[in-house]
Amino acid sequence: MNRLGIKTPARYAINATLIIAFIYWGYVITQGGMLTRAQNNIIIQVGFFIILAVSLNLPAGYLGQLPLGHAGFMAVGAYIGALFWRSGILSGYGSVVGGLIAAGIVSAIFGIIIGVPALRLRGDYLAIITLGFGEMIRVLIMNLPSITGGAQGLQQIPRHSNFLVVYICVIVCCLVIHMIMKSRHGRAILAIRDNEIATESMGINTTYYKVMAFAVSAFFAGVAGALYAGTLGILVPSDFNFMMSINILMIVVLGGLGSMMGSIIGAIVLTSLPLFMQGLNQYRLIIYALLLILVMIFKPSGLMGTYDFSMGHVLEKVGGWTMRSKKEGGASDDSE
Amino acid sequence: MTPNDPRTALLPERDIHKTPVMECRALGIDFGGLTAVDDFNITVAPTEIAGLIGPNGAGKTTIFNLLTKVYKPTRGAMFLNGKNTKKMNTIKANQAGIARTFQNIRLFKEMTVLENVLVGLHNEMNYNLLSSVLRFPEYWRSERIAKGRALELLSIFNMQDDASMKAGALPYGSQRRLEIVRALATNPCILLLDEPAAGMNHSETDELMENIRKIRDMFQIAILLIEHDMNLVMGICEGIAVINYGKLIAKGTPKDIQNNPVVIEAYLGKELGNADSH
């Protein structure tokens with residue numbers, strides 16, 4: 001496989017360096033006052049939409065199911081995170097981390113509760129049942145004003161989501177899902193997408209893996225929800241309506257079902273689009289729709305298809321070119 | 001000769017004295033009012049190559065689906081290594097030692113050849129989710145061993161060089177071979193092959209026959225195959241069962257089957273007169 005023999009530790013070191021460099025660069029730019037407030041907000045928004053898209057890509061792209069209740073999990077996480085932070089159980093970074101983890105875990109539990117009955121169904125049925133679940137959560141939040149503030153919304157949430165917090169979560173989310181996908185568990189998930197009956201006849205417990213994919217997805221949706229709460233400082237149940245689920249699904253489909261890189265690019269493109277079309281704001285939805293239609297016509301598998309970016313492969317390719325050109329150069333030298 | 005007596009169900013195999021690896025007693029299934037399979041009795045010995053033949057629509061694949069628990073039998077029982085499989089589902093049946101290939105190939109087309117075999121080796125690896133996320137040493141060890149094993153299995157069919165190809169991009173014959181390798185990876189004690197030679201030419205079929213024998217000798221497992229290619233069936237099977245309209249009509253060695261008038265009738269129809277017999 002690894003033809004040029006870039007050793008695994010070396011690849012990990014390269015990737016780690018790049019990640020740290022990216023975080024540092026982003027931190028400097030966002031904290032240095034070089035950007036306007038609107039631009040900063042967009043960068044933070046891109047961050048949690050990446051988490052939402054990458055986590056939805058797990059059941060939608062890799063597992064091949066169609067859940068439409070992602071906003072529901074996000075809502076659970078948002079309210080749990082917000083309530084945790086407002087309660088002030090912990091302080092400082094412990095509070096930030098604690099809130100995010102609590103949001104993720106409660107969402108994951110909801111994911112399992114919904115996943116066990118829902119994943120017996122397929123295709124449209126699963127879509128409808130998850131859709132119903134998402135709306136159920138929203139209505140529940142609206143009707144529990146003593147805890148959640150009801151339709152009035154939950155206010156005075158500590159604004160914990162800065163660039164560093166959001167993008168560390170982005171990287172953790174991408175890494176965890178990537179690591180799962182490149183293991184026996186990930187292969188089982190992909191196998192279910194390709195052929196469920198054959199997967200069962202390989203002795204793989206398909207129900208377990210479906211629920212697992214659903215739970216991991218819900219976990220990160222919850223984390224993204226908490227980050228959302230920490231960005232806005234105020235939560236209204238109507239933020240988590242059906243359109244939010246559709247928006248996230250749109251990002252994933254546009255980027256390419258089953259491609260993490262696609263989800264990331266899709267999130268960046270669709271979230272930062274408003275920034276570039278401030279004059280055209282009333283046409284925003286039309287442009288979204290057009291973009292989606294064009295992509296579906298010319299590249300139905302999404303922008304990236306199922307291609308996944310790998311720094312190691314890129315380096316190997318570049319290495320391959322340089323080596324080949326060196327060889328060719330050497331050969332021409334000999335002929336002269 | 002009562003049909004439920006397992007003794008009468010024995011195929012004349014080489015190692016008749018051992019306990020059978022698989023045994024069906026009066027297995028049957030109805031779909032609505034239609035009886036697809038009825039009173040199916042068969043016994044397969046631990047290292048036997050057995051054949052299941054019959055005209056189109058006789059219920060051969062239905063029997064495979066019964067054996068692998070894709071369908072639940074309406075009547076009768078099936079035993080794997082002497083254990084009743086009544087409460088098993090497809091997953092448990094595979095873990096108990098039954099692996100299969102499919103008539104219409106069911107590979108994981110978007111995955112590479114190697115990954116297909118690694119899915120088969122899923123239960124051989126035992127690291128948990130946390131180990132895979134944090135890349136604990138047991139992940140690397142497990143993956144390395146599994147990769148080696150997968151390439152070793154692929155080398156049976158000389159496919160180790162195609163390991164990084166997409167399974168869907170393989171030529172038809174290789175896809176069939178890959179399905180066999182993938183099934184073998186689950187470490188079965190009986191392997192069910194559903195028309196392994198379909199779509200293969202003469203020389204490929206000969207090679208397949210060699211390989212089926214080789215697999216039996218290497219892994220010491222039983223093989224039950226459905227096949228329409230009589231050369232292959234008569235060439236390698238030690239025992240053959242013939243079914244027609246979901247019912248067992250004959251059982252015996254290839255020689256018995258070839259001369260059995262009931263079988264000839266099932267395949268060629270009833271002789272009307274003696275016009276063509278001389």
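Here is how names work: the chains are called A, B, and so on, in the same order as the sequence lines, proteins then strands, and each is numbered from 1. These values consider heavy atoms only, across backbone and side chains, with no hydrogens, waters or symmetry-generated copies.
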* Asked: Which atom names give the shortest non-hydrogen contact between B:His122 and A:Arg184, and what distance separates them?
  -> O-NH1, 3.0 Å
* Asked: chain A contacts: which residues in residues 75-88 of chain B have a non-hydrogen atom closer than 4.5 Å to it?
  -> none
* What pair of heavy atoms forms the shortest contact from B:Val133 to A:Met179, and how long is it? -> O-CG, 3.5 Å
* May I ask you to list the residues in residues 96-107 of chain B that approach chain A closer than 4.5 angstrom, counting heavy atoms only, ordered by number? => B:Arg100, B:Phe102, B:Arg106, B:Leu107
* Using a cut-off of under 4.5 Å on heavy-atom pairs, state which of B:Glu143, B:Arg135, B:Lys69, B:Lys92 scores highest against chain A. => B:Arg135
* Structure fact -> Under 4.5 Å to a heavy atom of chain B? For A:Tyr208 that would be neither
* **Heavy-atom side-chain contact between B:Met125 and A:Arg187 under 4.5 Å** => yes
* With a 4.5 angstrom heavy-atom cut-off, could you sort out which part of B:Asn128 is near chain A: side chain, backbone, both or neither? => backbone
* Between B:Ile91, B:Asn123, B:Leu118, which residue shows the highest count of heavy-atom pairs closer than 4.5 Å to chain A? -> B:Ile91
* Asked: Using a distance-only test with no angle check, is there a side-chain donor-acceptor pair under 3.5 angstrom linking A:His185 and B:Tyr127?
  -> no
* When only heavy atoms count and the cut-off is under 4.5 Å, which of residues 150-161 of chain B reach chain A? -> none
* To do: Provide the closest heavy-atom pair for A:Lys182 versus B:Tyr139 in the form atom of the first, atom of the second, distance.
  => O-OH, 2.7 Å
* **Backbone of A:Gly203 reached by a side-chain donor or acceptor of B:Gln95 within 3.5 Å** => yes
* Structure fact -> Ranking A:Val176, A:Asn205, A:Leu190, A:Ile204 by heavy-atom pairs under 4.5 Å to chain B gives rank one to A:Ile204
* Asked: Between B:Glu110 and chain A, which part of the residue has a heavy atom less than 4.5 Å away: side chain, backbone, both or neither?
  -> both
* To do: May I ask you to list the residues in residues 176-191 of chain B that approach chain A closer than 4.5 angstrom, counting heavy atoms only, ordered by number?
  => B:Arg182, B:Ala183, B:Thr186
* **Leading residue by heavy atom contact count with chain B [cutoff under 4.5 Å; candidates A:Ile177, A:Val216, A:Asp194]** => A:Asp194
* Working for side-chain contact (heavy atoms from CB on, under 4.5 Å), residues A:Ser201 and B:Thr68 -> CA-CA 7 Å; A:Ser201 78; B:Thr68 53; 5.8 Å; no
